[in-house]
Amino acid sequence: MNQTGKWSLVAMVTAVAVLAAGWFLLVSPKRGEAADLRSQDETAQAANLQLQAKLQQLKALAPQLPKKQAEFAAIRKQIPDNPALPDLVRQLTAAAKKAGVDLSTIAPATPVVVVAAVPTAPVAATTTSTATGTTGTTGTTGTTGTVTSAPAATTDQLLQVPLALTVSGSYTELSDFLDRLESLRRVMLVTGFSMGSSKAADATAGALNLTLNGRVYMVHSVPAVASPVAAGSAAPGGTTGAATTDAPATAGTAN
Amino acid sequence: MSTQTLTRTASLPRVNLLPPEIGQARRLRKLQVGLGVGVLASMGVVAALYVAAAGDVSAAHNGLDDTHSKGVALQVETVKYADIPAAIAKVDAAAAQRSQAMGQEIRWSYVLNDLSLRVPSKVWLTNITVAENVDATVTTVPGAYPVVGVGTVSFAGAAYGHNDVATWLQVLAGEKGFSQAYFDSSTEDPTITTPSGDPSVQFTSQVTVTADALSHRFDPKAGS
């Protein structure tokens, strides 16, 4: 091989070496870095899209908030967070007065747990996770039982306050009183009643006695990991007991 | 004169007096320069590729930073609305509790009102007893008899005759949410007479209240 051939070979090898070394040591790592950054960017953009969708969802929900808050306030009047017996007594006496009946006995019993506790959602502190919420309640109405723990800060426990009323009046008045009970600000479930006249004189005068059993409700917030509350335990925040204004009349069959 | 001179010059023979070693050395040097330029060009290509890649990295960095800052802005904005789902869930949970509490409600005032309009003229009631089974889950079996209802209503009353008791039972059967109108007894009572002087009859009857009587006032509304 002459000088020209040698020099050409050396130059070619050098050029190839320079290209290879430059590609593998300089260009390729940079290209890899760029690809990695683009991949991170795509991931971040996908997360942003999710966040954007969630934000739009939240913005769409935002106008509902005042309505929902008003609805919650209304429900809390129907099912307060304490026995609220004074208010209940006033509502009952007002209903009796408007219906024209004589409300002789109001006898509430001790609140008892109705259903398993319903978890209330804790205030969401994170913005990247999906929205936390509560699911609907499940269970059997009126089943006394124990509280089940839930992974929430607090749980709202539903309690019933059994109530017995004794009222007297005419059939129409008693029917009107029942209607007013069903329209009380605080919801009341009538579970049974007996209507009749105990005395012949009452029957002649058209006066009937109504002995009514029902229940009103309250909620009580308890920690999610609280020990089970036994059925029949007293509810905090108020006293319960009979508020009898007169001896309850006994319904019976007229002659 | 000048024409002759030109002709003479053109016809002179060209003689290369340069030694061949020197010419070869010149060619080699030219080749070396060319090869050096080629190597430098390859380095230039590498440099150009590196610059382009570095530009890509810089652009990707900028894009990522931009995306990150958008994400932070979105998170900040999302925090402002973070309590909405919890608030709405709280309302929904409260509504569900109310629905459970009042799911067995029957508007008894409506029932009494209907009865007052439907009681036959020759029948009068002396006692009505309502018992609603609100604490038990009622399982209805299609076609089964007797129908398992959500409660019962018992009536005691008097009528002009047994046929009036039959009419009363038909009235009961026609009431919405009532099923299986039945009676326990219908007995003549000579102590109470009708305007015509005949003895009246005392009767007791009962009816099963079905789930059709439930008010559903507090059921969860679709879409709420």
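First the proteins, then the strands, lettered A, B, ... as listed; each starts at 1.
- Neither the backbone nor the side chain of B:Ala41 comes within contact range of chain A, judged by heavy atoms closer than 4.5 Å.
- In this structure, A:Tyr217 and B:Ala101 approach most closely via the heavy-atom pair OH-O, 3.0 Å.
- What you find for A:Glu182 and B:Trp108 is that their closest heavy atoms are OE2-N, 2.8 Å.
- Most heavy-atom pairs under 4.5 Å with chain A, from the set B:Ile84, B:Val153, B:Thr191, B:Val91: that is B:Val91.
- Most heavy-atom pairs under 4.5 Å with chain A: of the set B:Val51, B:Val46, B:Ile106, B:Leu125, this distinction falls to B:Val46.
- Interface remark: A:Ile79 contributes side-chain atoms only to the contact with chain B (heavy atom separation under 4.5 Å).
- Paired with B:Leu112 under the rule side-chain contact (heavy atoms from CB on, under 4.5 Å), one option of A:Asp176, A:Leu174, A:Leu178 passes, and it is A:Leu178.
- Between A:Asp41 and B:Thr67, the side chains place a donor N or O and an acceptor N or O closer than 3.5 Å (distance only, hydrogens not considered).
- Side-chain atoms of A:Glu71 do not come within 3.5 Å of backbone N or O of B:Ala95 as any donor-acceptor pair.
- Nearest heavy-atom pair across B:Ala60 and A:Ala34 is CB-O, 3.9 Å.
- Of the two parts of A:Leu19, the backbone and the side chain both hold a non-hydrogen atom closer than 4.5 Å to a non-hydrogen atom of chain B.
- For the atom pair CD of A:Gln78 and CE of B:Met102, the computed distance is 8.5 Å after rounding to the nearest 0.5 Å.
- Residue B:Phe218 places its CZ atom among more than 12 non-hydrogen atoms of other residues, nucleotides or ligands, all under 6.0 Å distant.
- Closest non-hydrogen pair, B:Glu105 versus A:Met188, comes out as OE2-O, 4.4 Å.
- Note: B:Leu64 CG to A:Gln45 CD = 9.0 Å, rounded to the nearest 0.5 Å.
- Residue A:Asn48 comes nearest to B:Leu74 through the heavy atom pair O-CD1, 3.5 Å, listed as atom of the first residue, atom of the second, then distance.
- Heavy atoms of A:Thr172 lying under 4.5 Å from chain B are absent altogether.
- Neither the backbone nor the side chain of A:Arg180 comes within contact range of chain B; no heavy atom of the residue lies under 4.5 Å from a heavy atom of that chain.
- Contact of A:Tyr171 with chain B is made through the side chain alone, with heavy-atom distances under 4.5 Å.
- Contact residues of residues 22-34 of chain B toward chain A are B:Leu28, B:Leu31, B:Gln32 (heavy-atom distance under 4.5 Å).
- Here CD of A:Gln64 is found 5.0 Å from CD1 of B:Ile88. Values are rounded to the nearest 0.5 Å.
- When heavy atoms are compared at a cutoff of 4.5 Å, A:Val10 does not approach chain B at all.
- For the atom pair A:Gln69 CD and B:Lys90 NZ, the distance stands at 9.0 Å (nearest 0.5 Å).
- Proximity to chain B involves both the backbone and the side chain of A:Ala44, based on heavy atoms less than 4.5 angstrom apart.
- In this structure, B:Gln75 and A:Leu51 have side chains that are in contact, with non-hydrogen atoms separated by less than 4.5 Å.
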